[in-house]
K.L.:
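One structure, pasted below without further comment.
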Amino acid sequence: MRDRLRSIIATELEVPPDSVPADASAETFQPWDSLGHMRIIIAIEEQLDVRFATAEIAGLTSIDKLVAALASRDPT
């Protein structure tokens, strides 16, 4: 899942996939700004067929947090 998220993030932020660190976050990865964050969330929702609650979106600012949120929806 982590590699898939890195790929989505790279696409949405228009950067090479290998430039996205495994522990990327909005605080540590400069291309991840507020507009990019919304693009990432929308792409994840579309590509992984999930929906995040509006209140949840602001807190999903790292790959780790995204992995945890996705895992809580699919226990397998």
Side-chain angles (χ1 to χ4, degrees):
M1 179 56 63
R2 190 171 294 274
D3 287 338
R4 179 90 187 269
L5 290 172
R6 287 177 68 202
S7 176
I8 292 170
I9 290 166
T11 299
E12 295 307 313
L13 299 182
E14 301 175 350
V15 298
D18 60 348
S19 74
V20 180
D23 62 348
S25 73
E27 292 81 27
T28 62
F29 189 54
Q30 192 270 332
W32 192 333
D33 59 14
S34 58
L35 179 58
H37 181 68
M38 291 312 301
R39 291 173 56 194
I40 290 166
I41 295 297
I42 291 166
I44 290 170
E45 288 184 332
E46 290 175 354
Q47 293 180 36
L48 302 181
D49 194 31
V50 297
R51 294 293 170 258
F52 297 114
T54 303
E56 181 179 29
I57 291 172
L60 298 175
T61 57
S62 71
I63 291 178
D64 289 340
K65 291 176 183 178
L66 288 164
V67 167
L70 292 167
S72 72
R73 287 165 170 70
D74 182 15
T76 59

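Note that the coordinates shown come from a computational prediction; the quantities given were computed from them, not determined experimentally.
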K.L.:
Which residues pass the salt bridge (charged side-chain N to carboxylate O under 4.0 Å, His left out) test with Asp33, sequence neighbours left out?
P.N.:
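Salt bridge (charged side-chain N to carboxylate O under 4.0 Å, His left out) list for Asp33, sorted by chain: empty.
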
K.L.:
For atom CD of Glu27, decide whether the heavy atoms of other residues, nucleotides or ligands shown that lie under 6.0 angstrom number more than 12.
P.N.:
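Counting neighbours around CD of Glu27, more than 12 heavy atoms of other residues, nucleotides or ligands fall under 6.0 Å, so yes.
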
K.L.:
Can you tell me how far the CG atom of Asp64 sits from the CG atom of Leu5, to the nearest 0.5 Å?
P.N.:
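It comes to 10.0 Å.
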
K.L.:
Quick one: salt bridge (charged side-chain N to carboxylate O under 4.0 Å, His left out) partners of Glu14, sequence neighbours excluded?
P.N.:
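Residues passing salt bridge (charged side-chain N to carboxylate O under 4.0 Å, His left out) with Glu14: Arg39.
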
K.L.:
side-chain hydrogen bond (donor to acceptor under 3.5 Å, both in side chains) with Arg4: which residues, sequence neighbours excluded?
P.N.:
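In terms of side-chain hydrogen bond (donor to acceptor under 3.5 Å, both in side chains), with neighbours along the sequence ignored, Arg4 is linked to no residue.
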
K.L.:
With sequence neighbours left out, write down each residue that passes side-chain contact (heavy atoms from CB on, under 4.5 Å) with Asp23, or none if nothing qualifies.
P.N.:
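By the side-chain contact (heavy atoms from CB on, under 4.5 Å) rule, Asp23 matches Pro21.
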
K.L.:
Check whether Met38 and Leu70 end up in the same hydrophobic cluster, where Ile, Leu, Val, Met, Phe, Trp and Tyr are linked by side-chain heavy atoms less than 4.5 Å apart.
P.N.:
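In one cluster: yes.
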
K.L.:
Considering residues at least two apart in sequence or located in another chain, which fulfil the side-chain contact (heavy atoms from CB on, under 4.5 Å) criterion with Ala43?
P.N.:
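Counting only residues at least two positions away or on another chain, Ala43 forms a side-chain contact (heavy atoms from CB on, under 4.5 Å) with Ile8, Glu12, Gln47.
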
K.L.:
Within the side chain of Arg2, is there an N or O that forms a donor-acceptor pair under 3.5 Å with the backbone of Ala22?
P.N.:
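It does hold such a pair.
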
K.L.:
Find the distance between OG (Ser62) and CZ (Phe29) and round it off to the nearest 0.5 Å.
P.N.:
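So the OG of Ser62 and the CZ of Phe29 are separated by 13.5 Å.
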
K.L.:
Who passes salt bridge (charged side-chain N to carboxylate O under 4.0 Å, His left out) against Arg6, sequence neighbours left out?
P.N.:
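Expected list: Asp3.
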
K.L.:
Are Leu13 and Ile42 co-members of a hydrophobic cluster defined by side-chain heavy atoms under 4.5 Å apart?
P.N.:
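No, separate clusters.
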
K.L.:
Mind checking what makes side-chain contact (heavy atoms from CB on, under 4.5 Å) contact with Glu56, not counting sequence neighbours?
P.N.:
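Only Phe52, Ala53, Leu60, Ala69, Arg73 meet the side-chain contact (heavy atoms from CB on, under 4.5 Å) criterion with Glu56.
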
K.L.:
Tell me, please, which residues at least two apart from Glu45 pass salt bridge (charged side-chain N to carboxylate O under 4.0 Å, His left out).
P.N.:
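Checked Glu45 against salt bridge (charged side-chain N to carboxylate O under 4.0 Å, His left out); zero matches.
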
K.L.:
Which residues pass the side-chain contact (heavy atoms from CB on, under 4.5 Å) test with Thr28, sequence neighbours left out?
P.N.:
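Thr28: side-chain contact (heavy atoms from CB on, under 4.5 Å) contacts with Ser25.
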
